[in-house]
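Written out below as structure tokens is the structure these notes cover.
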Amino acid sequence: VKGNNRDHYKCYEPSISKRLETQLSVETALRKAVKENQLEIHYQPQKCIVSEEVVGLEALVRWNHPEQGMISPGLFIPVAEKTGLICEIGEWVMREACMQNKKWQELGFKPVVVGVNLSATQFHQKDLVSKVKKILDESGLEPKYLELEITESMAVSNEEYIIRTLKELREEGVLVSIDDFGTGYSSLKYLSRFPVSKLKIDRIFIDENRKQNKAIVKSIIHMSHSLDMKVIAEGVETNEQLDFLRQERCDEIQGFLYSKPLPPVELEEIFQQNTYH
Ligand code: C2E
Ligand code: CA
Ligand code: CA
Ligand code: CA
């Protein structure tokens with residue numbers, strides 16, 4: 001870097017202390033948010049590509065700030081991860097999502113699977129499996145209606161621990177999927193050893209304007225099926241994308257084409273359209 005470039009860069013790079021200050025104030029506000037029930041969950045429908053019925057929902061946390069309004073998780077989850085607050089938040093999301101899903105079943109809606117994002121920190125908590133069991137017991141939700149979304153980045157360390165934990169979760173009857181598939185470090189060796197039920201193709205590959213993406217999506221779908229996994233495409237926004245995914249026999253889709261994440265009341269309107277057993 002040339003001298004003047006570096007100076008130029010310096011002007012815009014917030015100092016470490018400034019960043020720390022920002023993180024601390026977000027952390028304080030976030031702790032308050034957890035305590036005062038400012039967090040809520042929106043659910044994004046996942047549709048079977050063949051029957052076009054809702055078969056699943058992804059639980060996505062939002063921060064309903066009293067002054068700032070709705071804050072997206074992209075802004076506060078990273079802070080929650082750095083400060084360890086993610087464990088408390090993640091557990092709350094899991095409990096809330098299980099209870100809500102059970103409630104919908106009791107209302108007579110056709111059962112769906114609820115997907116919950118699991119951060120790496122949560123995954124590496126020694127008592128994760130017993131926590132999941134406890135939440136299922138308390139909510140009364142059958143394990144097959146809970147899916148935990150993990151990311152490839154968790155796979156880089158302690159492979160034996162990961163495989164053991166995934167096996168324990170599977171023995172409990174909980175589903176596990178790999179989120180943002182294709183963006184992280186995942187070797188095929190891991191994939192064949194990890195007992196996961198589904199791959200979620202990251203939305204960067206669903207954009208068909210890059211020619212290579214179609215080839216990537218095709219091979220992810222074919223690979224999932226040969227490993228006996230289901231595959232879902234995230235971020236589907238257009239009918240062209242849907243047609244391509246259908247032609248390639250993708251199992252499920254999630255994206256704005258069908259619905260954005262919605263608060264529970266609005267979802268019930270969509271459920272009304274789902275056929276009953
Ligand atoms: P993610 O797990 O990959 O979730 C999917 C994100 O894509 C959501 O953003 C969703 O609103 C967005 N999305 C869905 N369909 C479309 C589409 O068609 N087009 C576009 N452009 N976007 C679409 P959201 O809700 O802002 O969440 C962002 C990220 O925050 C999530 O990415 C996830 O990594 C994290 N997150 C959200 N809730 C939780 C949580 O409870 N725990 C943890 N650990 N992370 C969470
Ligand atoms: Ca996810
Ligand atoms: Ca994702
Ligand atoms: Ca993502």
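These numbers come from the heavy atoms of this one structure, side chains and all, not from hydrogens, waters or symmetry mates. Every number for a ligand or one of its atoms is a count from 1 in the order of the listing.
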**OP:** Any chance you could measure Glu149, atom CD, to Ser119, atom OG, to the nearest 0.5 Å?
**Re:** 13.0 Å

Subject >> Cut-off under 3.0 Å, centre the Ca ion (ligand 2), protein N/O/S atoms >> reply: Glu58 OE2, Asn117 OD1, Glu149 OE1, Asp179 OD2

Original post:
When you measure from the side chain of Arg246 to the backbone N and O of Ile49, does any donor-acceptor pair fall under 3.5 Å?
Top reply: yes

Subject >> Side-chain donor or acceptor of Asp251 paired with backbone N/O of Val231 under 3.5 Å >> reply: yes

Atom pairs and distances, donor-acceptor, side-chain atoms in residues 254-263, under 3.5 Å, two or more places apart:
from: Gln254; atom 1: OE1; to: Gln46; atom 2: NE2; distance (Å): 2.8
from: Gln254; atom 1: OE1; to: Lys200; atom 2: NZ; distance (Å): 3.1
from: Gln254; atom 1: NE2; to: Gln44; atom 2: OE1; distance (Å): 2.8
from: Gln254; atom 1: NE2; to: Glu58; atom 2: OE1; distance (Å): 2.8

Original post:
If you draw the axis of the six-membered ring of Tyr161, does the NZ or CZ of Lys126 fall within 45° of it and under 6.0 Å from the ring centre?
Top reply: yes

**OP:** Please state whether the rings of Phe109 and Phe271 are parallel, tilted or perpendicular, taking 30° and 60° as the class boundaries.
**Re:** tilted

Original post:
Do any heavy atoms of Lys200 fall under 4.0 Å from ligand 1?
Top reply: no

**OP:** Decide if the gap between the ring center of Tyr43 and the ring center of Trp104 is smaller than 6.0 angstrom.
**Re:** yes

Original post:
Hey, is Gly90 one of the residues with a heavy atom under 4.0 angstrom from ligand 1?
Top reply: no

**OP:** Answer yes or no for Glu234: is there a heavy-atom contact with ligand 1 below 4.0 Å?
**Re:** yes

Original post:
Is there a heavy atom of Arg62 sitting under 4.0 angstrom from any atom of ligand 1?
Top reply: yes

